[in-house]
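Remember, it's 1-based here, ligands and their atoms both numbered in the order they're listed. Values below: all heavy atoms of this structure, side chains included; hydrogens, waters and symmetry mates excluded.
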Amino acid sequence: MIGKICGTGSYIPSLVWDNEKLAQLVETDDEWIRERTGIARRHLIDGEETTSYMAAQAAGEALKDAGVRPEEVDLIVVATMSSQNIMPCTACEVQKVIGAVNAACFDLNAACTGFLFALNTAQAYIGQGIYKTAIVIGTESLSNMVNWDDRSTCILFGDGAGAVVLKASEDGKYSQVTYSDGSRGDVLTCSSRNQKKFEDEPRDESTYMQMDGGEVFKFAVSKVPEAVRELLDKEQMTTEEVSYYILHQANVRIVRSVAKRLGEKAEKFPTNMEEYGNTSSASIPILLDELNKKKTFQNGDFIVLSGFGGGLTYGASLIRW
Ligand code: UT7
């Protein structure tokens, strides 16, 4: 038994900061950001929008797309590192909003690889026959963790949420590899939670994300192809059999480099970081939702999802559409 994706949804906040806006905050320019990252704009939470608000909107849309009623949902797993509250968890807040009264709900945090870990968790429950219907969500308000005076990080990140509905099915495919290297945790850190709105000053330095961008870049371009190859070897598949690779949307140069290292065409690697920047655990489900809505995938397509990020963590999953 596997959990087949039968619906997707996403929520993108409407406040947009383009590269020109950032050039007013720090010493940077549109050309540098586009060339080095592929990012042109990012969407940020505003007003009443929060991490759980976005998650609930994305989940509601995914349920509608799947034609599943909220009461049918057995499990909600939310991947996030930017929940506005420590307790209750974001998944419980989503449950309350969407009325998934029968669901068991919890959050997990594996930074930008979070969605894959959450998907694995839901697949394990479904595979064991414990649950039949699950919602898996990636949701982030990274604007609350970004130092908007630090040009080496603020250009990269954005806010948003994406969700998928899984239904137990005999037909389909799920396989995964995931890894963590805690010894390299200092490469990407944020040591305490920001409880203020992201524009409010003054802020405690510990609430800002710190990153060694070069190290993360090198880690991603070596480990992502390694994970994908291991996954395909395990399934005795070749890269030619994969229709699409949905990678964590951190930097277009990382995506291109992974494509090259796998000997694959860039067209098999759709991207949307130009519009949203890096939304961490939300980036894979947001892109999945966009492509699903565009009817990009055909029934039976093999799709590889791959993420990497803080922890350090990384992994790849194979699904059959
Ligand atoms: O989800 C995982 C999260 N993190 C990532 O995925 C990050 C992965 N890493 C990256 O995407 C890239 O390393 C960055 C985009 C962060 C940086 O790109 P880079 O090509 O590695 O640039 P760099 O840090 O080597 O900096 C090159 C130059 C430096 O100037 P000098 O020392 O050569 O004079 C920087 O000071 O570019 C300068 N620089 C900037 N210039 C204009 C750094 N940031 C900026 C900026 N605007 N925003």
### Message
Side chain, backbone, both or neither: which applies to Thr28 and ligand 1 if a contact is any heavy-atom pair less than 4.0 Å apart?
### Response
both

### Message
Out of all atoms in ligand 1, which are within 4.0 Å of some heavy atom of Ile155? Include the element for each.
### Response
48 (N)

### Query
Under 30°, 30 to 60°, or over 60°: which ring-plane class applies to Trp17 and Trp148, parallel, tilted or perpendicular?
perpendicular

### Task
Go through ligand 1 atom by atom and flag the ones less than 4.0 Å from a non-hydrogen atom of Ala250.
6 (O)

Show the atom names and distances, to 0.1 Å, of all donor-acceptor pairs under 3.5 Å that link a side chain in residues 95-106 to residues at least two apart or in another chain.
| residue | atom | partner | partner atom | Å |
| --- | --- | --- | --- | --- |
| Gln95 | NE2 | Ala100 | O | 3.0 |
| Gln95 | NE2 | Ala103 | O | 3.2 |
| Asn102 | ND2 | Glu71 | O | 2.9 |

### Message
Checking Asp65 against Asn292: is there a side-chain donor and acceptor pair closer than 3.5 Å?
### Response
yes

### Query
Under 3.5 Å, is there a donor-acceptor pair between the side chain of Thr313 and the main chain of Ala110?
yes

### Summary
So the atoms of ligand 1 within less than 4.0 Å of a heavy atom of Arg36 turn out to be 20 (O)

### Summary
Nearest non-hydrogen protein atom to atom 5 (C) of ligand 1, with distance, is Val216 CG1, 3.6 Å

### Message
Distance under 4.0 Å to a non-hydrogen atom of Gly214: what atoms of ligand 1 satisfy this?
### Response
13 (O)

### Task
Under 4.0 Å from a heavy atom of Asn251: give me the atoms of ligand 1 that qualify, with their elements.
10 (C), 11 (O), 15 (C)

#### Entry: Contact atoms of ligand 1, heavy-atom distance to Cys112 under 4.0 Å
1 (O), 2 (C)

### Query
Are Glu72 and Arg69 side-chain neighbours, meaning at least one heavy-atom pair lies under 4.5 Å?
yes

